[in-house]
Amino acid sequence: MDSSEKVVAVIMVGGPTKGTRFRPLSFNTPKPLFPLAGQPMVHHPISACKRIPNLAQIYLVGFYEEREFALYVSSISNELKLPVRYLKEDKPHGSAGGLYYFRDIIMEDSPSHIFLLNCDVCCSFPLPSMLDAHKRYGGIGTMLVIKVSAESASEFGELVADPTTNELLHYTEKPETFVSDLINCGVYVFTPDIFNAIEDVSLNREGRANLRRVSSFEALQSATRTLPSDFVRLDQDILSPLAGKKQLYTYETMDFWEQIKTPGMSLKCSELYLAQFRYTSPHLLASGDGKKNSTIVGDVYIHPSAKVHPSAKIGPNVSISANVRVGAGVRLISCIILDDVEIKENAVVLNSIVGWKSSIGRWSRVQADGNFNAKLGTTILGEAVIVEDEVVVTNSIVLPHKTLNVSVQEEIIL
């Protein structure tokens, strides 16, 4: 790569009307800042961007209030020694529309390539090798794809690619019938020509709207179908029409990939990222043999400010946030413990997410069967939930500020 070539990355973070399936955990923390493996969700794609050669700038695009991201953006910019900026949309513009809305800012550094990543996907983000492939292909865009089981493919954008050239031949979003076991991972690299493609969609749509100045009855009917000209979806409006025109190509990852739509999936993704830390950031993983500090099994993250009793046993797949207190004899397996939680002596937490400032009493159990896809497969305690001594909470969701003094099973406690 020519050293004068610059690359920028844009990470789509959505907004408060998105991620509703992530409640009650998204009530007081924007979903992109929810910790997975002890780091905010958006931190994983950001730190992957750091590995791209000649990266000039990272932009987060969404419609959360700026104050919700201000603190994080300044701390991550300092930590990575790399400018990270939050750009607030005035309203949702769709994944391609949001990119286009800020095109002047994104093009300020005259980048030769633009990465576009969705914040709510969990993968190893093989960005440098993806960029190399993209340059070999010579199209305007390359998308990360992965093979999944035929049963689950229909939940995503399915695509057909040429097995030799990797050209994208056909793209369809959440099809009714099976098209392919290759799906779109929501990670792309484009040349600046992508802006012309998005502009064409907008102009076409405006042109059709002008043609359609018809009777009010017809206008009412079509209004539900027509999107505003500045709302452009990357998948339906750009990928589908450009497929088969030697403009878009695919790069297949053989690594892990998941979409983080629900709290249950965040527990699964936390596990994937903890396992990845073994290779990328081993210093973040805890160790201990039960003598001076607690016994650690498998991949575990413990924030430096947390206090864990040496007789506790932690792991695998456990992430413990700031100022957590873990008492004697506690057993933690496959769980996310958020800031300022207290877990008292001999309590057990299994396949659960424990919300900020919650407390779990002595000899209590907070547990679930661990089916990441089931609605109640992960037990979730919202903020400041108190589980009293000797109470068992199984496969349940508990909304913030509740006190449980009797055991519950398969319940949503409002």
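Just so it is clear, the structure is predicted and the values come from calculations on it, not from any experiment.
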[Y] and [X], any side-chain heavy atoms less than 4.5 Å apart:
X      : Y      : result
Glu258 : Val121 : no
Leu82  : Ile76  : no
Val393 : Leu404 : yes
Pro192 : Met107 : yes
Lys135 : His113 : yes
Ile397 : Ile413 : no
His170 : Leu159 : no
Leu203 : Glu199 : yes

Under a 3.5 Å distance rule, please check whether [X] uses its side chain to pair with a backbone N or O of [Y] as donor and acceptor.
X      : Y      : result
Glu252 : Val145 : no
Glu167 : Lys246 : yes
Ser240 : Asp237 : no
Ser281 : Leu284 : no
Lys268 : Ile260 : no
Ser294 : Gly288 : no
Ser407 : Val392 : yes
Ser270 : Leu36  : no
Ser75  : Tyr72  : yes
Ser95  : Leu234 : yes

Considering all heavy atoms of both residues, which atom of [X] and which atom of [Y] are nearest to each other, and what is their separation?
X      : Y      : value
His401 : Val385 : N-CG2, 4.2 Å
Val61  : Gly98  : CG1-O, 4.3 Å
Ile320 : Ala306 : CG2-CB, 3.8 Å
Phe178 : Asp181 : CZ-N, 3.5 Å
Tyr301 : Ala37  : CG-O, 3.9 Å
Gln57  : Asp109 : CB-OD2, 3.9 Å

Could you walk me through whether Leu87 and Tyr101 pass the side-chain contact (heavy atoms from CB on, under 4.5 Å) check? CA-CA 10 Å; Leu87 303 176; Tyr101 184 74; over 6 Å; no
Is it true that Asn166 and Tyr251 share a donor-acceptor pair across their side chains at a distance under 3.5 Å?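 Result is no, nothing qualifies.
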Ser305 and His303: side chain donor to acceptor below 3.5 Å: yes
Does the ring center of [X] lie less than 6.0 Å from the ring center of [Y]?
X      : Y      : result
His44  : Tyr273 : yes
Phe231 : His93  : no
Phe125 : Trp257 : no

For residues 330-343, which side-chain N or O atoms pair as donor and acceptor with protein atoms under 3.5 Å away, sequence neighbours left out?
{"from": "Arg331", "atom 1": "NH1", "to": "Lys313", "atom 2": "O", "distance (Å)": "3.1"}
{"from": "Arg331", "atom 1": "NH1", "to": "Gly315", "atom 2": "O", "distance (Å)": "2.9"}
{"from": "Arg331", "atom 1": "NH2", "to": "Gly315", "atom 2": "O", "distance (Å)": "3.1"}
{"from": "Ser334", "atom 1": "OG", "to": "Asn317", "atom 2": "ND2", "distance (Å)": "3.2"}
{"from": "Ser334", "atom 1": "OG", "to": "Asn351", "atom 2": "OD1", "distance (Å)": "3.2"}
{"from": "Asp339", "atom 1": "OD1", "to": "Ala322", "atom 2": "N", "distance (Å)": "3.2"}
{"from": "Asp340", "atom 1": "OD1", "to": "Asn323", "atom 2": "ND2", "distance (Å)": "3.4"}

Can you tell me how far [atom2] of [Y] sits from [atom1] of [X], rounded to the nearest 0.5 angstrom?
X      : Y      : atom1 : atom2 : answer
Glu79  : Ser47  : CD    : OG    : 8.5 Å
His134 : Leu248 : NE2   : CG    : 10.0 Å
Cys119 : Met12  : SG    : CE    : 11.5 Å
Leu99  : Tyr59  : CG    : OH    : 11.5 Å
Tyr171 : Glu158 : OH    : CD    : 9.5 Å
Ser319 : Ile314 : OG    : CD1   : 11.5 Å

Among all residues two or more places apart in sequence or in another chain, which pass the side-chain hydrogen bond (donor to acceptor under 3.5 Å, both in side chains) test with [X]?
X      : answer
Tyr188 : Asn184
Ser154 : none
Ser124 : Asp255

Stepwise, does the side-chain contact (heavy atoms from CB on, under 4.5 Å) test hold for Ile360 with Val354? CA-CA 9 Å; Ile360 297 174; Val354 179; 3.9 Å; yes
Classify the angle between the aromatic ring planes of Tyr100 and Phe195 as parallel (below 30°), tilted (30 to 60°) or perpendicular (above 60°). tilted
Parallel, tilted or perpendicular: which describes the rings of Phe22 and Phe34, with under 30° parallel and over 60° perpendicular?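 Ring orientation, 0 to 90° scale: perpendicular.
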Step-by-step side-chain contact (heavy atoms from CB on, under 4.5 Å) determination, Ile194 to Ile198: CA-CA 6 Å; Ile194 186 65; Ile198 301 171; 4.1 Å; yes
Are Asp299 and Arg278 close enough, and set up right, to give a side-chain contact (heavy atoms from CB on, under 4.5 Å), and what steps lead you there? CA-CA 8 Å; Asp299 301 319; Arg278 268 181 264 168; 2.8 Å; yes
What donor-acceptor contacts under 3.5 angstrom involve side-chain atoms of residues 371-384, with partners at least two apart or in another chain?
{"from": "Asn371", "atom 1": "OD1", "to": "Asn373", "atom 2": "N", "distance (Å)": "3.0"}
{"from": "Asn371", "atom 1": "OD1", "to": "Ala374", "atom 2": "N", "distance (Å)": "3.4"}
{"from": "Thr379", "atom 1": "OG1", "to": "Gln367", "atom 2": "O", "distance (Å)": "2.5"}
{"from": "Thr379", "atom 1": "OG1", "to": "Asn395", "atom 2": "N", "distance (Å)": "2.9"}
{"from": "Thr379", "atom 1": "OG1", "to": "Ser396", "atom 2": "N", "distance (Å)": "3.2"}
{"from": "Glu383", "atom 1": "OE1", "to": "Asn28", "atom 2": "ND2", "distance (Å)": "2.7"}

Sorted by chain and number, sequence neighbours left out, side chain to side chain contact (heavy atoms under 4.5 Å, CB included) with Ser74 holds for none
